[in-house]
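To start, the structure under review is shown below, and the notes come after it.
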Amino acid sequence: MNKVTTMQKAVAENIHDGNFVYIGGYICRTPFSAVHELIRQGKKDLTITRSNAADDFDMLIGAGVVKRFISTFISLGVYGLARCYRRSLEKGIPHIIEVEEYTNLSLPMMLMAGAMGMPFIPVKDLLGTDLMKIKGFLGESKYKLIDSPFDGKPVLIVPALNPDVGIIHVQQADENGNAQIWGIGGDCKYGANASKKVIVSCERIVSREMIGKDPSRTIVPDFKVVAVVEEPFASHPGYTPGFYDQDFGFGYLYKEASSTEEGFHAFLKEWVHDVPDRAAYIQHFIDRFGYAAYKKLQAKFDYGYPVSYEY
Amino acid sequence: MNEHPNDYIKPELMACCGAREIMDGDVVVVGTGFPTMSANIAKHTHAPRAVLLQESGVYDARPRRPALSVGDACLNPGAAMIGGLVDVMGMFLQGGWVDVGFLSGSQVDRFGNINTTCIGSYDQPKSRLPGSGGANPIGALAKRGLIIVQHDPRRLPARLDFITTPGYIDGPGAREKLNMPPETGPSIIVTNKAVLRFDPDTKEAFVASYHPGHTIDEIRRSTGWNIQVADDVHETEPPRVEELSALRNILDPHRMIKIYEGKGYV
């Protein structure tokens, strides 16, 4: 089944107010065009999650899209604390989001458990810290400290997560949704597979035959995928290995803009609301910063040795 | 006899203090900045077989520019292995393979517990910080935690506003009682004034050495608890010529490390 569609349709048809949404990425392959579309469509009351959140999550929080956030960490990287996140929790602007806090070990493990259909999973972190004392919207279901049924020693278990929708950006996918990545994975593979359905955006759509030339790169099989969107440059200002680099200058621009409420809304108007889609975003980027700035971000090519799967 | 050029800056000394804690063959989980510099100084001097992991999923990266985050694009080409968080944090860290983990925080207490969650109360924070990220599991599971922090009473308080990452928790026996893996926990705190180590009996951090230009009195005044001082306390060894040469000629030719002077590491 050909699932190729536009980001506008993929988001409108598959993500509903109040949904629990996994959003992949680790600066690497951030699905930013989908994030902008969530804001443009004025989605509300979403629960969002991923390990090591960054500018994309900050933007969703500032835009008022988020009700709940299952978090491990959020910052603007080299540009410091996440401004919208701070305004939400320190000043209630635009509203206070509810946060449930884990770590970059336990949350990926919870997504892995979800992907594998397990009810919960033991982890070896969190113990002895205030992350055990604070419980958010999951309440007593945040974790359980039990005696191991095997040796009687204390063991911490945390619940599996199964988001309603997973959104990931990948290098290439076929029209049915077989999605291939290379480079830093973060929790993308398990986050996507834990989700009940997956929206895939990709730098390029390739044939099923091309997918078959290196099938070990596929992280999500097509039967989990409901929409495929060909969306070059979709991770900007994050990066996609082999396609374009991280845009540190744009990161600085977002940091400066998001430092005030007014600046943040002006940023949203310019880069989200006033551009209808990713193609218009790229055009606006080139109009604003010049083609040379766009070209400079494009990756060099250094193809490896082709692999053979023949027998 | 080691040569010690005297034109170093404080962040370079701190990076060298971190480097000296890494042993040949260690598996090290690094973040950006100090950790990467320390680990690479060690690799270029006394620990050529030390290997580096980034929690984002990278093993043995070969970056051609300094990585500005653990997810930086420059970590991809040339790495020996790239997976994800479950691989590095699950299989390797939780699996017990990590010798050294670097940590930093807004507040560190006498037991090496770390706060990166909030200043003020959790429900009504004066300042909301990023949260644990990989710090909590690294503090819980690395065999030796290396903590880097600025030395003043606010950052080294008697009591943390929030314990994000476990050190020795509330003292001797605490980690064992929780069934945390044996032979793990923080081993050193490197500040801009001193090197602190942990007493094996009390699990409290004490002054092991003071950096050139600083005094025990000043360090006591800058610490939020009544800090103990080693009987054999001595001046920290300044950067050696080969350490500085690795740092300046190979790892950081543009001397980005100077950014840390601006952040107060002086």
Side-chain angles (χ1 to χ4, degrees), chain A residues 25-28 51-54 71-75 77-78 81-82 85-86 88-90 99 101-109 111-112 123-131 133-134 148 153-156 182-190 238-242 244-246 248 299 302, chain B residues 32 54-58 68-77 79 82-87 89-90 93-94 113 115-118 122-141 160-170 174-175 177-181:
Chain A
Y26 201 109
I27 310 166
C28 187
S51 307
N52 254 46
S71 170
T72 70
F73 179 92
I74 178 169
S75 88
V78 287
L81 300 173
Y85 178 66
R86 287 190 67 181
S88 167
L89 293 185
E90 293 169 19
V99 182
E101 295 197 57
Y102 292 97
T103 79
N104 284 0
L105 171 63
S106 41
L107 182 62
M109 297 286 284
L111 292 167
M112 185 182 83
V123 290
K124 288 187 177 174
D125 59 356
L126 299 168
L127 291 163
T129 68
D130 288 335
L131 291 171
K133 292 182 188 154
I134 48 148
S148 165
K153 289 180 180 166
V155 61
L156 185 71
W182 46 97
I184 288 171
D187 54 16
C188 203
K189 176 177 165 181
Y190 296 112
Y239 74 94
T240 298
Y244 44 90
D245 197 358
Q246 186 177 353
F248 289 102
D302 177 24
Chain B
T32 49
Q54 276 88 9
E55 63 180 34
S56 53
V58 186
L68 295 180
S69 77
V70 293
D72 197 304
C74 71
L75 299 170
N76 288 295
I82 301 182
L85 285 154
V86 166
D87 300 297
M89 302 300 275
L93 177 67
Q94 189 167 244
N113 302 305
N115 175 17
T116 54
T117 299
C118 58
Y122 183 77
D123 292 324
Q124 289 174 307
K126 276 209 276 285
S127 186
R128 194 60 171 74
L129 307 174
S132 161
N136 173 296
I138 290 169
L141 298 163
L160 302 184
D161 291 350
F162 191 96
I163 298 180
T164 314
T165 295
Y168 293 106
I169 308 174
D170 60 2
R175 290 174 74 99
K177 204 160 68 189
L178 292 164
N179 197 26
M180 291 167 74

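Values in this document were obtained by computation on a predicted structure and should not be read as measured data.
One finds the CD atom of B:Gln94 at 4.5 Å from the CE atom of A:Met109 (value rounded to the nearest 0.5 Å). For the atom pair CG (A:Asn104) and OG (B:Ser56), the distance works out to 9.5 Å, reported to the nearest 0.5 Å. Note that CG of B:Asn115 is 11.0 Å distant from OG1 of A:Thr129, once rounded to the nearest 0.5 Å. A:Phe73 CZ to B:Leu129 CG: the interatomic distance, rounded to the nearest 0.5 Å, is 10.0 Å. Atom OG1 of A:Thr103 sits about 9.5 Å away from atom CG of B:Leu85, to the nearest 0.5 Å. Between the CG atom of A:Leu127 and the CZ atom of B:Arg175 there is a distance of 10.0 Å, given to the nearest 0.5 Å.
The heavy-atom pair separating A:Arg86 from B:Lys126 by the smallest distance is NH2-O, 4.2 Å. Contact between A:Lys124 and B:Ala140 at its shortest, heavy atoms only, is O-CB, 4.0 Å. Heavy atoms only, all atoms of each residue included: B:Pro130 and A:Leu81 are closest at CD-CD2, 3.4 Å.
A:Glu90 places no side-chain N or O within donor-acceptor distance of the main-chain N or O of B:Gln124, the cut-off being under 3.5 Å.
Ranking A:Leu131, A:Thr240, A:Leu111, A:Leu156 against chain B, the residue ahead of the rest is A:Leu131, based on heavy-atom pairs under 4.5 Å. Note: B:Ser127 leads B:Gly90, B:Pro181, B:Ser127, B:Pro125 in heavy-atom pairs under 4.5 Å with chain A. Between chain A and the options B:Val58, B:Asn136, B:Ile169, the largest number of non-hydrogen pairs under 4.5 Å is found for B:Asn136. The candidate with the highest count of non-hydrogen atom pairs below 4.5 Å against chain A, out of B:Asp87, B:Asn113, B:Asp72, is B:Asp72. Highest contact tally toward chain B, considering only A:Asp245, A:Leu107, A:Ile134, A:Val99, is held by A:Ile134 [criterion: heavy-atom pairs under 4.5 Å]. For the options B:Pro166, B:Gly57, B:Ala174, heavy-atom pairs under 4.5 Å to chain A are most numerous at B:Pro166. In terms of heavy-atom pairs under 4.5 Å with chain B, the best-connected choice from A:Gly128, A:Cys188, A:Gly25 is A:Gly128. Ranked by non-hydrogen atom pairs under 4.5 Å with chain A, the options B:Thr116, B:Val70, B:Leu160 are led by B:Val70. Among the candidates A:Ile27, A:Leu105, A:Asp187, the residue making the largest number of heavy-atom pairs closer than 4.5 Å to chain B is A:Leu105. Contact count versus chain A (heavy atoms, under 4.5 Å) is highest, among B:Ala73, B:Gly83, B:Gly84, for B:Ala73.
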The test is side-chain contact (heavy atoms from CB on, under 4.5 Å); show your working for B:Leu68 and A:Phe248 and say whether it passes.
CA-CA 10 Å; B:Leu68 295 180; A:Phe248 289 102; 3.6 Å; yes
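Using a 4.5 Å cut-off on side-chain heavy atoms (C-beta onward), A:Asp130 and B:Thr164 make no contact. Side-chain atoms of A:Asn52 and B:Glu55, non-hydrogen and from C-beta on, do get closer than 4.5 Å to each other. Under the 4.5 Å side-chain criterion, counting only non-hydrogen atoms from C-beta, B:Leu178 is not in contact with A:Pro154. No side-chain heavy atom of B:Ser132 sits less than 4.5 Å from a side-chain heavy atom of A:Glu101.
Residue A:Tyr85 touches chain B through its side chain alone, counting heavy-atom pairs closer than 4.5 Å. Only the side chain of B:Leu75 comes within contact range of chain A, with heavy atoms under 4.5 Å apart. Residue B:Thr165 touches chain A through its backbone alone, counting heavy-atom pairs closer than 4.5 Å. Looking at A:Val155, there are no atoms closer than 4.5 Å to chain B (heavy atoms on both sides), in backbone or side chain. For a residue to count as touching a neighbouring chain, one of its non-hydrogen atoms must lie under 4.5 Å from one of that chain's; by this rule B:Phe162 touches chain A with backbone and side chain alike.
In the model, B:Gln54 has no side-chain atom that pairs as donor or acceptor with a side-chain atom of A:Tyr26 under 3.5 Å.
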